[in-house]
Every structure is written in C-alpha cells, then in structure tokens.
Amino acid sequence: MIVTRFAPSPTGYLHIGGLRTAIYSYLWARKNNGKFLLRIEDTDLARNSKEAADAIVEAFKWVGLSHDGEILYQSERFDLYKTYVQKLLDEGKAYKCYMSKEELDALRAEQMAKKERTRYDGRYRDFTGTAPLGIEPVIRIKAPIDGQISFVDGVKGEVVFNAKDMLDDFIIARSDGVPTYNFVVTIDDALMEVTDVIRGDDHLSNTPKQIVVYNALGFSVPRFHHVPMILNPEGKKLSKRDGATDVMEYQKEGYLPETLLNFLIRLGWSHGDQEIFSLQEMQEWFDPTDINKSASAYNKEKLLWLNAHYIKTMPYERIIEELKYFGVDIGLHVRKEVLVDAIRDRAKTLKEFASQVQQILDAPQSYDEKAVEKFLTKEAMAVLEDYLAVLIAKGMMSEASEFEEFTKAFLEEKGLKLKDIAQSLRIAMVGNSVSPSVFEVLSIVGYNEVIKRIQNLIQGVRVES
RNA sequence: GACCCCAUCGUCUAGUGGUUAGGACACCGCCCUCUCAAGGCGGGAACGGGGGUUCAAGUCCCCCUGGGGUCGCCA
C-alpha cells in the first residue's frame, strides 16, 4: 500500500510549488490505489491562521484534488507529541538544555566570526549538575556525532551526509513545550504510515535530522522524493512578486484547473513527447522516480497555450458554466453554441472569453476611431446603406449560413467583394475592426438587433461628419 | 563561509556509449482568409569549460565555472 501526504503550513495561500508536490503525491497514491492524506502543519501558533488553512482546502477543491480521510491538524496533537518527547527523555535519547537564547546567539556569532558552521555545542548533553534558575529548558535530541547518514532519494538518487557537518543536537521541544517541525513531521509521517514523502527539495537537508528521529523512536524510514523547485521566468526563485503564485489567482485570471494540473505536472516530468495529459493518463504514467533532478522555470506562454488548448476542446456546457464566474451567463442565448464556437479559438483565458462574448452581446457604445477612419469611407457607407435596405426588405434570418448566402448574393449583384462590406459591418456590430466571422456575429446578434446596430452606425457617423 | 543539490535550443523537455541531438511553447516566413485568431507547412535555435576512460561520450569519472538550497526555541 502506498501512502502519500501533502503537509502545508498555513502561513498563507497555496503556492503553485506546493500544488505541484501535492499533485505528484496525489497521482502516486491514486496510481497505486493507495491513500493521499492531508495534514496541516500548524505548530507555529504565532504565524498560522485558520483562514490560511481554509484557503488551502479551497484551492484543493478548485483543482479537484481529493484527499483521503480527515484533515489532520498538528495543533490538535500536542499531547501526543509530548508523549514521544517524554519517551526519548526517559530513554536517555533526549535531554534538557538550559542554554538561554542570548547564550545561543553569542555562540552563533562566535562561530560565524570563525567562519564555522553554526551549531549547538552539546554543552548540556551530559549535564548532571543543578539546573540554572529562571530558565525553562528546551529539549534536544542526541544526534550521532560522527558517521554518515545516507538514504536513497527517489529523485536525486543516493544522498550521503556526514553527521559531523550536518547534525547537532537539535531542539525537539521549545521551552514552552511546543514540539518543533522536524520532530512532529517524523512522528506524523510514521503514525500516518506514510510510505512516500514527496516534497520540495528545500527539505533535502532536513532529511538527515528526520532520520535521526525515526531511528530514535524506532520507526521505519519512508522513501523520500525531493522535487526541485519552480523558478520564475528569469530563473530565480519564484516569489510573491512574480505575480500569480497563489493557486486561486489562476481562477481569477481565467485559467482552468486542468490547465494548471497539466502545466504543473509537465514542469519537471515528462512522458516522451506528449504535452497534453488527461487525469487518467497522468495517473497511469506518473512515477516520482521520473521527476527531473533540476529546477525548472515557470513559463507563462506555455501555460497560456495549454489553457487555450483546453478552451478549444471543452464541451459547451462546461464553458457556459465557467463563464458565469466572470459574470457572463449565456445559458439562455438562442445561438449560444455558435457564440461559444466563434470565440473559443480566440480566447486564451476564460476572462478574455467573457469579455469577447460581452463585446458581441452588447451594442457598441462608441466606435473605434482608427477603424472608422480606415474603413468607413463614403463608398463603404453607401454600400452599407444599400445593404441595410435590402436586408430589411428580405425579412427574418437567423442562421449564420443564411446571412452568408444573403450577403454574398447582395455583393454579387453589386459586383462587389466581401472585403467591401465586411469591415464596415463588423464595426456596426462590435464597434471595431476585430471580431469573429461577421456571419457568425450577425447570427449571434440576431436579425432585429443587426438592423438596429447598422442604423445606429449610419446615424452616428453622419452626426460626426 | 560550511554542507548538500543541480547543469541539452530563450523556456519546458526527449535522450541511459554509436542519433543528421527529437518534440513542445515562444519567435520568424509562407499558405488559408471578411478582420483577429485558430489551423497547415517550413525555418533559425542547445549538449557551460577543461581534463580523463573508451575504437567511440550529451550520455561514465574528476576538476573548474555557473545556478540553487540548507545552516532558527520557522515550517
């Protein structure tokens, strides 16, 4: 049985880097009919918030990642952790350290001055004297002083650390009794029976510490997979300044969850030359040992391309549903399918999609100056007036093909080309010289409204000139 | 600074000793065309440097360089 987990600390929103490791963990569990668990690491009472924890859950919901079982909050497990602290204390594998913060700082400063690695010097490791007054001790674990700690990482391969330059007797419980990260992570992963820890490679150097805890507590060590980070387009560490690092920001910008999933999984992982993956395919083919060792830069162009791809291939109902988020409801429009098809090749995001729909649905309030100047010549206006007259005479039409047939017949009789009317008609419909095919636009706008908009343009332009 | 990780087109990547180094995004050109897209076709574009090992190295080893991470009573 494969058990994976995602264990964010709720200090803010869900970051796309975090989402990527979550996806990897999710996929690996699902592929193996295992379990994917969610744990909130909120032991740092001062920096965590309920809102942040909820935001993470909300983001999970949006992208469609489902976790198994209840969400585990570390803040509710302090008593449990304390029993393990006590166990180590009883077994002599951990001890109380009465060094004050000031002393610790001084020690670090001294080591820094000597250009040494900063580390606790173990002064209370074998302390048997009387405890200094007025100091609440921290609990430190006895870490190996020499030898090596090695493990086989699913992504990086064999990683070896020398105990003497990686480890010191690190704190497992603060002076207020609250246990620390490296300690609780280990206990929870062991108790939750996590078999595969998939996390960012910024945790790589925490791993030997955690192995110390696994060993001290007699737990078996899981497999680790340290996933490289995501870089910004400049190749630097992705930070909040880089814009959309919050997963929910992508919804606001009009990206689909499948786009983000596909983009993120493909960043650092591949399956031959394939670019587009269904969730099924991801589940079938994903293996954490295939994750690339090197960091990869975030590329917005590719994200847009992927989003465009999903928009182009998405069922009507789904698009109509998604559009509601952007305040556009075309569910009752008679030509909703023509409308969707007219826009889907032209919008890279749902946000763009919504605004393009709006542009066709709403009668133009003004006309683009450059377009007017360029296309609404005297001749063009004359043609448009003729067209209007014939259009009114002809009577009701609705399909795009009907408008096309009608218009072509009109042009042929006049000895004109489509060029001679397309742009002026387009300006009448949407106010500028860019839109989907005019015939589709005419059909979407509808016969009566088409007439109205042409009349508006004719009147409007006359007033101006 | 110490320790660790990493290194193929601008970017994401394929590649597991013998390849004209492949694909995708982006870019450029052509085609299609009522505008804009979409689509089709084509193009330029990479193995960081230096040593080895080998008949043969992008692929294995070492060094350098460059990038990144970690060194908290944060997670």
Side-chain angles (χ1 to χ4, degrees), chain A residues 7-11 41-44 46-48 74 97 99-101 104-105 108 111-112 114-119 136-140 153 155-157 159-162 164-166 168 170-182 184-185 200-209 226 228-229 231 233 235-237 263 266-276 292-306 308 312 342-348 356 371 375 404 407 417-427 430 432-439 441:
Chain A
S9 65
T11 51
E41 310 221 313
D42 52 356
T43 54
D44 184 356
R47 297 202 310 161
N48 295 316
Q74 288 187 326
C97 168
M99 199 171 178
S100 69
K101 282 183 187 172
L104 239 189
D105 287 344
R108 283 205 190 99
Q111 288 166 335
M112 226 111 91
K114 283 195 265 178
K115 304 212 169 191
E116 286 172 5
R117 187 174 74 91
T118 57
R119 56 179 303 172
E136 277 303 316
V138 297
I139 313 296
R140 290 181 180 270
D153 189 277
V155 177
K156 309 279 187 184
V159 185
V160 182
F161 294 97
N162 286 318
K164 72 170 164 42
D165 45 45
M166 275 315 286
D168 61 2
F170 58 94
I171 294 170
I172 57 172
R174 303 168 171 94
S175 48
D176 62 2
V178 177
T180 59
Y181 172 75
N182 284 119
V184 299
V185 163
D201 71 359
D202 47 337
H203 285 289
L204 195 61
S205 41
N206 277 327
T207 307
K209 289 184 184 178
H226 286 98
M229 323 193 316
L231 274 20
K236 300 288 176 194
K237 187 179 178 178
F263 176 74
R266 191 60 187 62
L267 205 60
W269 176 86
S270 61
H271 182 77
D273 286 339
Q274 191 164 336
E275 295 291 344
I276 309 287
N292 279 184
K293 292 174 180 213
S294 54
S296 30
Y298 173 97
N299 179 208
K300 195 177 178 189
E301 303 300 334
K302 194 146 187 175
L303 181 71
L304 275 170
W305 173 77
L306 267 173
K312 276 183 282 193
I343 313 271
R344 73 189 328 155
D345 286 343
R346 284 161 243 263
K348 289 191 190 301
Q356 290 182 41
F375 297 108
E404 180 166 4
T407 306
K417 291 275 175 55
L418 187 49
K419 278 186 197 335
D420 300 318
I421 195 169
Q423 288 302 62
S424 47
L425 209 43
R426 199 183 318 271
I427 293 167
V430 301
N432 65 53
S433 59
V434 177
S435 85
S437 156
V438 272
F439 304 120
V441 173

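No hydrogens, no waters, no symmetry mates; every other heavy atom, side chains included, goes into these values. Letters A, B, ... are given to chains in the order of the sequence lines, protein chains preceding strands, and every chain is numbered from 1.
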Give A:G200 one of three labels, base, sugar-phosphate or nothing, depending on what nucleic acid heavy atoms sit under 4.0 Å from its own.
-> nothing
Sugar-phosphate, base or nothing in reach of A:K417, heavy atoms under 4.0 Å | nothing
State whether a side-chain donor-acceptor pair under 3.5 Å links A:S435 with A:R426.
-> yes
Could you state the CZ-P distance from A:F263 to B:U11, rounded to the nearest angstrom?
-> 14 Å
Where the side chain of A:N299 is defined as all heavy atoms beyond and including C-beta, which of B:C25, B:G39, B:A75 is the nearest nucleotide?
-> B:C25
Test for a donor-acceptor pair under 3.5 Å between the base of B:C73 and the side chain of A:T180, counting only N and O atoms.
-> no
Could you check whether A:P8 gets within reach of a base, just the sugar-phosphate, or nothing at all, counting any heavy atom under 4.0 Å?
-> nothing
Mind checking the P distance from B:G15 to B:A75? Whole angstroms is fine.
-> 39 Å
Stepwise side-chain contact (heavy atoms from CB on, under 4.5 Å) test for A:T407 and A:V438 | CA-CA 10 Å; A:T407 306; A:V438 272; over 6 Å; no
Considering Watson-Crick and G-U wobble pairs with both distances under 3.5 Å, what does B:U70 pair with?
-> B:A2
Taking NZ, NE, NH1 and NH2 as the nitrogens, is one of them in A:K417 or A:D420 under 4.0 Å from a carboxylate oxygen of the other?
-> no
Rounding to the closest angstrom, what is the interatomic distance between B:G10 and B:C47 at atom C1'?
-> 16 Å
Side-chain heavy atoms of A:N206 within contact of A:F170, under 4.5 Å | no
Within the structure shown, what part of the strands sits under 4.0 Å from A:Y181 by heavy-atom distance: base, sugar-phosphate, or nothing?
-> base
So what does A:K293 touch, heavy atoms closer than 4.0 Å: a base, only the sugar-phosphate, or nothing?
-> sugar-phosphate
Just call it for A:L418: base, sugar-phosphate, or nothing, with non-hydrogen atoms closer than 4.0 Å on any strand.
-> base
Name the nucleic acid region contacted by A:T43, choosing base, sugar-phosphate or nothing; use a 4.0 angstrom heavy-atom cut-off, strictly under.
-> sugar-phosphate
Roughly how many Å is it from CG in A:D165 to P in B:A2, rounded to a whole number?
-> 11 Å
Pick the C1' atom in B:U13 and in B:C30, then give their distance to the nearest Å.
-> 28 Å
Can you tell me how far C1' in B:U19 sits from the matching atom in B:U59, rounded to whole Å?
-> 12 Å
Side chain of A:H203 (C-beta onward), nearest among B:A24, B:C73, B:A75 | B:A75
Candidate nucleotides B:A38, B:C4, B:C73, ranked by approach to the side chain of A:K312 - the nearest = B:A38
Choosing from B:A26, B:G23, B:G72, which nucleotide comes nearest the side chain of A:W305?
-> B:A26
At under 4.0 Å between heavy atoms, what does A:S296 touch on the DNA or RNA strands: base, sugar-phosphate, or nothing?
-> sugar-phosphate
Atom NZ of A:K300 and atom P of B:C12 are separated, to the nearest Å, by 17 Å
On a whole-Å scale, what distance lies between the P atoms belonging to B:C6 and B:C60?
-> 12 Å
Candidates B:C3, B:C73, B:U13 - which lies nearest the side chain of A:N292 | B:U13
Please state how far atom CG in A:D105 lies from atom P in B:C73, giving the value in whole angstrom units.
-> 9 Å
Between B:C25 (P) and A:L267 (CG): distance, integer Å | 16 Å
Shortest side-chain distance from A:D273, nucleotide among B:G23, B:C4, B:C34 | B:G23
With a non-hydrogen cut-off below 4.0 angstrom, is A:F170 in contact with a base, only sugar-phosphate, or nothing?
-> nothing
Select base, sugar-phosphate, or nothing to describe what A:K302 touches, counting heavy atoms under 4.0 Å on all strands.
-> base
B:U65 versus B:G51 - spacing of their C1' atoms, nearest Å | 14 Å
Looking at B:U11, B:C5, B:C34, which one has an atom nearest to any side-chain atom of A:V159?
-> B:C5
Does a distance-only test, which skips hydrogens and angles, find a donor-acceptor pair under 3.5 Å between the side chain of A:S175 and the base of B:C73?
-> yes
Which nucleotide, B:C71, B:U35, B:A75, lies nearest any side-chain atom of A:N206?
-> B:A75
Should A:L204 and A:D153 count as side-chain neighbours, where that means a heavy-atom distance under 4.5 Å?
-> yes
Please check the phosphate of B:A14 (OP1 and OP2 only) for any side-chain N or O of A:S270 closer than 4.0 Å.
-> yes
Which value, in whole Å, describes the distance between the P atoms of nucleotides B:U8 and B:G58?
-> 15 Å
Which part of the nucleic acid does A:M112 contact within heavy-atom distance under 4.0 Å: base, sugar-phosphate only, or nothing?
-> nothing
Under 4.0 Å between any heavy atoms, over every strand shown, what does A:K348 touch: base, sugar-phosphate, or nothing? Just pick one.
-> sugar-phosphate
Of A:V155 and A:H271, the one whose closest nucleotide on RNA chain B sits nearer the 5' end is A:V155
Between A:L204 and A:K101, name the one whose nearest nucleotide on RNA chain B is closer to the 5' end.
-> A:L204
Nucleotide B:G68, atom P - distance to NZ of A:K237 in whole Å = 11 Å
Of the nucleotides B:C71, B:C73, B:G68, which one has an atom closest to the side chain of A:R117?
-> B:C71
Checking only heavy atoms, does the side chain of A:E275 share a donor-acceptor pair with the base of B:G23 at less than 3.5 Å?
-> yes
Touch class at under 4.0 angstrom, heavy-atom based, for A:S294 against every strand present = sugar-phosphate
How far does the P atom of B:A7 sit from the matching atom of B:C63, given to the nearest Å?
-> 16 Å
Does A:R108 place a side-chain N or O at less than 4.0 Å from the phosphate oxygens OP1/OP2 of B:C73?
-> yes
Counting side-chain heavy atoms from C-beta on, which of B:C5, B:C12, B:C34 comes nearest to A:R266?
-> B:C12
Establish, with yes or no, whether the OP1 or OP2 oxygen of B:G68 is under 4.0 angstrom from a side-chain nitrogen or oxygen of A:K236.
-> yes
Does A:D165 offer a backbone N or O that forms a donor-acceptor pair with the side chain of A:R119 under 3.5 Å?
-> no
How would you label the contact of A:K114 with the nucleic acid (heavy atoms, under 4.0 Å): base, sugar-phosphate, or nothing?
-> nothing
